[in-house]
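Below, chain A is the first sequence line, B the second, and so on; all start at residue 1.
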Number of protein chains: 2
Amino acid sequence: MTAINKDNTEEKILSAARNVFIHKGMDGARMQEIADEAGINKALLHYYFRSKQKLFEAIFKSVFGKIMPNVMLMVNSDKPIEDKLGAFIENYIDILTINPFLPTFILKEIHRDPEFLAGMIKESGINPQQIITMFKQEMDSGKIRKMDPRDLIINIISLSVFPIAGKPLLSEMFFEKDKANYDEFILKRKVTIKEFILHSILIK
Amino acid sequence: MTAINKDNTEEKILSAARNVFIHKGMDGARMQEIADEAGINKALLHYYFRSKQKLFEAIFKSVFGKIMPNVMLMVNSDKPIEDKLGAFIENYIDILTINPFLPTFILKEIHRDPEFLAGMIKESGINPQQIITMFKQEMDSGKIRKMDPRDLIINIISLSVFPIAGKPLLSEMFFEKDKANYDEFILKRKVTIKEFILHSILIK
DNA sequence: AATTAGTTTAACCAGTTGGTCAAAATTAGA
DNA sequence: TCTAATTTTGACCAACTGGTTAAACTAATT
């Protein structure tokens, strides 16, 4: 690493690319816009990342690799199920509230190029089987009612992610007058989602 | 309407455009690809719809106008809450199973151009307040426990839509070996989602 | 059959886009 | 200080893209 600015430039590019790609997607993003936002010449993008595709992959891997491992908060720790659930939901909603375009970005891109996914999931270090096993144990112990663990996990994720993915639509529908309150509403859901799920699965 | 083929051509265009736009989105779609899929000359697209933007709006309005009114199944009819819930969920999952790209298409496009939404929602004929009122009555009558009706509605929609929007990701995660079974899994959810919700809200 | 109006096409165009390259600028090392 | 390596830039290019146009084609009307 000879030059002083290399890291700095690369970081500026990654930051700008992340921002543009997440908002516009691969198809809507323009290399010139990324260069402008990074405050550098467009040719530099190719000097550092060869092609738009390569730059995009770097961004997607980074984003995907940061967001997915949080799913494992459902199993890490030996706290009771109530706390595990709370940890996952709160953490996810916090991240997505700050990055509301993330869910739709990921949905968009996995539909555009699904082949890419399998490897991506393996690299992300998540282990779905581990979550399934955890919930099975809770069912066997009689703490929560019996159901397909995959249903339960997908329900938890759906309730946490979709309201943010659908924010433009849902806030317009239910908060017409005061769309600004939607973020506050989402924050409250850190509690209400957990309650909603526990009411459904807990055996009293 | 002098010529015999006018309707036919317009339909061919709409059908091809719908297919291409839903899969690729506004940014990823190409007029040439739509023309090829319709089996006509590209200039005809402009003859009938003037511009890509206009053609896109025609498709989006049509799609949005067909999918959104189904939300009102939650209130139409004077059946008990269990049946209303079942009617909505079954209907939605049926439609989305046949059109799995629809949810992500809509999410994608409302993020790209949110301004367009407000008018779109009004035209769609849905009335969120009516759903809110319905659930409030069920709460007041002591049938279901008290909570923010908007939370409940958004939960119902999330549980129905997200598993299909996230199909490429979720099937890879939880059905690695047999991704084909994911559709079957979704169909079973017509029952399990309803149970999941009723377990959570019904007062015994 | 001739006229007219509407429909369809091939060819074309201007603007955009990802990508390249040689030269200039900067930096590190001798 | 001088040289070599790396970084940065402006100019450029070929392919693509949405859109236009004039001419060809089709079909109803007289």
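Of the possible polar contacts, one joining the A/Thr133 side chain to the A/Gln129 backbone as a donor-acceptor pair under 3.5 Å is found. Although no hydrogens or angles enter the test, the distance criterion places a donor-acceptor pair under 3.5 Å between the side chain of B/Arg189 and the main chain of B/Leu159.
Between the P atom of D/dA11 and the NZ atom of A/Lys42 lies a distance of 13 Å, rounded to the nearest Å. Taking atom CG of residue B/Leu44 and atom C1' of nucleotide C/dT9, one finds them 8 Å apart after rounding to whole Å. Regarding A/Ile13, its CD1 atom lies at a distance of 11 Å from the P atom of D/dT7, rounded to whole Å. Spacing between atom CG of B/Leu45 and atom C1' of C/dT8 amounts to 12 Å, rounded to whole angstrom units. If you take CZ of B/Arg50 and C1' of D/dT21, they are 15 Å apart, rounded to a whole angstrom. Distance B/Lys52 NZ to D/dG19 P: 8 Å, rounded to the nearest Å. Rounded to whole Å, atom C1' of D/dT17 lies 15 Å from atom CD of B/Gln53.
For B/Lys122, the salt bridge (charged side-chain N to carboxylate O under 4.0 Å, His left out) partners at least two apart in sequence or on another chain are A/Glu176.
Contact between A/Leu45 and A/Met31 at its shortest, heavy atoms only, is CD1-O, 3.2 Å.
Here the NZ-CZ distance, from A/Lys108 to A/Phe105, works out to 7.5 Å after rounding to the nearest 0.5 Å.
Atom CG of B/Asp140 has more than 12 neighbouring heavy atoms from other residues, nucleotides or ligands inside a 6.0 Å radius. When the shell of 6.0 Å around CG of B/Asp178 is examined, it contains more than 12 heavy atoms from other residues, nucleotides or ligands. Applying the 6.0 Å contact sphere to CZ of A/Arg145 captures more than 12 heavy atoms from other residues, nucleotides or ligands.
Looking only at side-chain heavy atoms (C-beta outward), B/Ile193 and B/Ile93 come within less than 4.5 Å of each other. At a threshold of 4.5 Å between non-hydrogen side-chain atoms, the residues A/Ile13 and A/Leu55 count as touching. Using a 4.5 Å heavy-atom threshold, the side chains of B/Lys167 and A/His111 count as separate.
Phosphate proximity of D/dT21 to B/Tyr47: absent, as no side-chain N or O sits under 4.0 Å from OP1 or OP2.
Classification of the A/Tyr182-A/Phe185 ring pair by plane angle, with boundaries at 30° and 60°, yields tilted.
If you run salt bridge (Lys or Arg N to Asp or Glu O under 4.0 Å) between A/Lys24 and each of A/Glu33, A/Glu109, A/Glu37, only A/Glu33 comes through.
Listed nucleotides C/dG19, D/dG19, C/dT8 differ in distance to B/His46; the shortest reach to its side chain belongs to D/dG19. Among the nucleotides D/dT8, C/dC21, C/dT8, the one closest to any side-chain atom of B/Thr9 is C/dT8.
Using a 4.0 Å cutoff on non-hydrogen atoms, the parts of residues 32-41 of chain B near DNA chain C are B/Ile40, B/Asn41, ordered by number. DNA chain C is contacted by no residue of residues 20-27 of chain A, taking any non-hydrogen atom closer than 4.0 Å.
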Using atom names, set out every protein N or O paired with an N or O of nucleotides 13-16 of chain C below 3.5 Å, distance rounded to 0.1 Å.
none

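Within the structure, ring-ring contact (aromatic ring centres under 6.0 Å, His included) contacts touching residues 8-38 of chain B (residues at least two apart or in different chains) are B/Phe21-B/Phe56, B/His23-B/Phe101.
With axes fitted over five pairs at each extremity, the angle between the ends of the helix from C/dA1-D/dT30 to C/dA30-D/dT1 is 0° (10° resolution).
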